[in-house]
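Okay, structure first, notes after.
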Amino acid sequence: MKKRFLLLGLLSASFLFLHAQQNAMIRPGEIWKDIDGNPINAHGGGVLFHNNTYYWFGEIKKGKTWRVPGVTSWEDYRVDASGISCYSSKDLLHWKYEGIALSPDKKNSTSDIHYTKVIERPKVIYNDKTKKFVMWMHIDKDDYGYAHAGVAISDKPEGPYRYLGSEQPNGQMSRDMTLFKDDDGKAYHIYSSESNQTMHICLLSDDYLKPTATYKRILVNANREAPALFKYKGKYYLITSLCTGWDPNKALYAEADHPLGEWKQLDNPCVGPDADITYHAQSTYVLPVEGKNNSFIFMADRWNKTDLEDSRYIWLPLVFKDNKPVIEWKDQWTPAK
Ligand code: DGJ
């Protein structure tokens, strides 16, 4: 009897060990599971680091994908908007599902966040003065003709977030977007504007809830989207993609001395096979690994346009070599500890 218990104990211990090992690496493009064994559903996302914990926010893409009838100029594939998810992790490898951070509206079809609308590319920053967590996101109609930026707020990182509304910052269109909080506490909203032709970067109000009148047109007429802004050694870097719907294309990075300064479009940060199509993916965020100099994670989405729920995550190390950001493909890897 004792022997049987010992054997059972050994078996379950090795199962747990193997299970933990399976998750103990980042495997770009494979199905990633949370610690409960469910596939992680957090697309077009971003990560907030707060109180020694990483919080990953992303679009919940669930259920059937269909093509919006009537939109013929591009492949407008979509799923019902299911809101924004939140996962937490201490090591960037084991992710705990924290629930739905922002729930969609199921009843009011005029609401920005009704399930028939588009809720994309959520990013969250923490405001040290108001002690609130602030989420911005791209809000649109199913034909993407609304081009608004929405804001939500919460007392806790994981939510629930309360939706406050949306607007076109300074009367300008806003689609693919990201946020960047600088070391001086100033925060910026970066978004594809002017029918995706030109990107804008706008200083947010002190509480991060509103755009200010201070904004700059950057990458003028360059037709860029999927912005991801980060800082290294006092310089600012912005990775973007071209606008080709759900299909991948070549990423480029731009560099500036200040978020509202002159942005110089430079090169493709990706190198090696499939670098010209960003390893079949599109940028969404660049995450500095906490406490590690010159160690970033390039986060991208490998969209599956006809089955959006099955879109995959491509996370790769980004390091500076000769003062240039460089991203290389890895089948599996672990972030620096
Ligand atoms: C590309 C954008 O980057 C995505 O977030 C999404 O809006 C698709 N276009 C829609 O085609």
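Excluded from the calculations below are hydrogen atoms, water molecules and symmetry mates; all remaining heavy atoms, backbone and side chain alike, are included. As the structure lists them, so they are numbered: ligands from 1, and atoms in each ligand from 1.
Side-chain contact annotation: Ser174 with Gln168, donor-acceptor N/O pair under 3.5 Å absent. Side-chain contact of Asn323 with Tyr232: a donor-acceptor pair under 3.5 Å is absent, judged by distance alone. Residues Gln282 and Trp303 have side chains that bring a donor and an acceptor to within less than 3.5 angstrom of each other. Looking only at atom types and distance, the side chain of Asp112 has a donor-acceptor partner in the side chain of Tyr146 under 3.5 Å away. Thr110 and Asn108 are linked by a side-chain donor-acceptor pair at a separation below 3.5 angstrom, with hydrogens and angles left out of the test.
Closer than 4.0 angstrom to ligand 1 lie heavy atoms from Trp74, Glu120, Arg121, Tyr144, Asp176, Glu225, Gly245, Trp246, Gln282.
Listed by first and then second residue, the side chain to side chain donor-acceptor pair (under 3.5 Å) pairs that reach into residues 189-201 are Glu194-His200, Glu194-Arg217, sequence neighbours excluded.
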